[in-house]
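Start at 1 and go down the list; that is how both ligands and their atoms are numbered.
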Amino acid sequence: MQLKAPRGTYDILPPDSQKWQYVEKIVRETARLFGYSEIRTPIFEYTELFERGVGDTTDIVTKEMYTFQDKANRSLTLRPEGTACCVRALIEHSVYGGVMPIKWYYNGPMFRYDRPQTGRFRQFQQFGVEVFGSNSPYLDAEVIMLLTGILEKLGLGDFELHLNSVGCPICREIYRDKLLAHIAPARERLCADCQQRYEKNPLRVIDCKVESCREAIAGFPNIFDSLCTDCSQHYAGVKASLTQNGIDYIQDHNLVRGLDYYTNTAFEIHIPKIGAQSAVGGGGRYNGLVKQCGGPDMPGIGFALGMERLLLALDNLTEGQHSDSYLEVFLAVQDEKWASQALKVLDRLRKAGIRADRDYNGRSMKAQMKYADKLGACIVVLMGENEVNGGFFTLRDMVSREQQEVSAEDLIPRLKDILA
Ligand code: HAM
């Protein structure tokens with residue numbers, strides 16, 4: 001038996017889990033500020049959803065899916081991403097019959113069978129948003145502002161926003177022809193995967209990381225030159241709106257993204273200091289996806305943030321920033337004969353909303369003080385012989401080391417005062 005988490009997965013133990021909770025709180029609160037509500041979908045879906053939704057020539061579908069047969073021989077797949085799942089839920093529950101646009105956010109595990117390295121896992125967590133039912137370029141800008149707003153709130157102002165437009169199916173067809181003509185003379189030099197991509201989906205060749213492919217397509221045509229009037233105007237609207245709101249971006253015509261559903265706006269956020277896997281988030285418009293999956297013709301846009309990569313970027317998160325997970329009060333009990341009284345005191349504190357704990361391993365008073373320090377308690381409430389007989393408590397401030405006595409009735413208000 002291997003007592004090891006499977007390759008590409010990991011455990012999150014305390015105190016690291018507190019950092020996760022802090023980041024999750026910020027992303028949720030920010031999404032709510034922008035009018036989003038939470039959606040939760042299953043972590044596995046019928047395989048066909050991703051084949052159709054994400055695209056059967058993408059790396060995700062051809063190489064990275066965790067696909068299995070269930071006992072009734074159905075092909076199921078652990079979700080590699082959240083957009084297709086939201087689209088499926090939208091269609092299944094006919095949510096599009098209600099008020100538009102629909103703004104959803106989600107936060108949960110995704111699965112991709114890729115080669116693990118720093119910032120790349122086989123089970124990873126995404127916080128994502130999806131908006132259905134509007135094609136306004138101002139919405140594109142707002143979605144990007146939600147993403148950059150989250151990063152700013154987390155103190156991660158050192159990001160790069162890469163922006164592109166991948167057009168609509170009409171202009172993409174024109175671009176496809178130009179691209180094929182450009183690549184054709186160098187076709188022999190493409191890697192085995194790109195030989196196939198050349199046939200089925202040449203835009204994917206732009207995304208290939210193999211050096212010989214990059215050389216073979218060097219100087220490839222710019223997609224901006226192929227955009228139709230509507231797509232150019234949409235893209236100009238997004239850029240103008242970002243500029244008006246003080247959001248800097250880098251126009252990046254190499255940016256085609258690893259999923260097939262994108263139309264028009266595509267974007268990625270990079271934080272270079274975290275290393276090779278510097279993309280902390282990415283997204284874009286997918287105006288054809290709902291229809292392609294069997295729903296009505298309805299535009300959509302969204303993004304997903306890789307939570308592990310965010311946490312990597314936040315490696316120097318100071319403890320104060322997530323201090324609400326620490327203990328506020330430690331109850332030091334001198335003798336176990338007061339154990340049941342102590343439990344009542346703890347109960348009063350917790351019911352008053354004070355994070356409190358005590359020792360259950362028979363430590364001496366001195367050892368309990370050390371333990372309280374380790375737990376990060378701000379105040380120790382002492383319960384010794386004098387206190388129990390006199391009906392009061394002694395409070396010790398763990399920073400200044402000052403002590404004060406307080407009556408049993410005043411305990412909670414006094415603690416609240418100090419902790420405020
Ligand atoms: P994606 O670019 O494939 O987009 O993933 C979004 C983010 O998830 C990446 O930027 C990265 O931070 C993180 N990520 C992806 N794969 C891994 C991995 N193996 N290990 C750790 N982190 C990873 C999507 O998934 C789209 N569904 C985003 C979207 C939503 N587009 C529109 N709506």
Side-chain heavy atoms of Leu203 within contact of Tyr175, under 4.5 Å: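 Yes. Closest side-chain heavy atoms under 4.5 Å.
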
Side-chain heavy atoms of Val399 within contact of Cys378, under 4.5 Å: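 No; the side chains remain at least 4.5 Å from each other.
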
Among [options], which one puts a heavy atom closest to [atom]?
| atom | options | result |
| --- | --- | --- |
| atom 33 (N) of ligand 1 | Glu130, Arg79, Gln125, Arg115 | Glu130 |
| atom 7 (C) of ligand 1 | Pro116, Gly128, Ala304, Gly302 | Ala304 |
| atom 20 (N) of ligand 1 | Phe121, Phe111, Tyr106 | Phe121 |
| atom 22 (N) of ligand 1 | Tyr286, Tyr113, Phe124 | Phe124 |
| atom 12 (O) of ligand 1 | Gly82, Ala279, Gly300, Gly8 | Ala279 |

Ser165/Leu227 under side chain to side chain contact (heavy atoms under 4.5 Å, CB included): CA gap, chis, key distance, verdict: CA-CA 8 Å; Ser165 173; Leu227 294 184; 3.7 Å; yes

Euclidean distance, His253 NE2 relative to Asn164 CG, rounded to 0.5 Å: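 It is 8.0 Å, given to the nearest 0.5 Å.
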
Sub-4.0 Å heavy-atom contact, Gly119 with ligand 1: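 Contact present.
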
Contact with ligand 1 for Asp114, non-hydrogen, under 4.0 angstrom: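 No.
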
Candidate list Arg79, Arg88, Arg52, test salt bridge (Lys or Arg N to Asp or Glu O under 4.0 Å), partner Glu45, passing option: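 The passing option is Arg88.
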
Could you list the atoms of ligand 1 found under 4.0 angstrom from a heavy atom of [X]?
| X | result |
| --- | --- |
| Gly282 | 10 (O), 28 (C), 29 (C) |
| Gly283 | 31 (N) |
| Gln126 | 5 (O), 6 (C), 7 (C), 8 (O), 24 (C), 25 (O) |
| Val280 | 10 (O), 12 (O) |

Check: Ile301 N/O within less than 3.5 Å of ligand 1 N/O: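 No.
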
Ligand 1 to Tyr262 polar contact by distance, N or O atoms, under 3.5 Å: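 N/O-N/O distance below 3.5 Å exists for this pair.
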
Ligand 1 versus Arg120: contacting region, heavy-atom distance under 4.0 Å: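 Within the 4.0 Å criterion, Arg120 contacts ligand 1 through backbone and side-chain atoms alike.
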
Ligand 1 versus Tyr261: contacting region, heavy-atom distance under 4.0 Å: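 For Tyr261, the contact with ligand 1 is made by the side chain alone.
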
Check: Phe267 ring centre within less than 6.0 Å of Tyr249 ring centre: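 Centroid distance Phe267-Tyr249: not below 6.0 Å, so no.
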
Least distance between heavy atoms, Asp315 atom then Lys19 atom: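 The pair with the smallest heavy-atom distance is O-NZ, 3.8 Å.
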
Heavy atom of the protein closest to [atom] (residue, atom name, distance):
| atom | result |
| --- | --- |
| atom 13 (C) of ligand 1 | Gly306 CA, 3.6 Å |
| atom 1 (P) of ligand 1 | Arg257 NH2, 3.6 Å |
| atom 27 (N) of ligand 1 | Glu81 OE1, 2.6 Å |

Name of the residue among Asp59, Thr58, Thr57, Thr62 meeting side chain to side chain donor-acceptor pair (under 3.5 Å) with Arg197: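 Of all the options given, the one that passes is Asp59.
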
Donor + acceptor pair across side chains of Tyr235, Gln251 (<3.5 Å):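 On atom types as modelled, these side chains qualify, holding a pair under 3.5 Å.
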
Pair Gln292-Tyr261, side-chain donor/acceptor within less than 3.5 Å: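 No.
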
Parallel, tilted or perpendicular, as decided by the 30° and 60° cut-offs, for the rings of Phe303 and Phe127: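 Judged by the thresholds at 30° and 60°, the geometry between Phe127 and Phe303 is tilted.
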
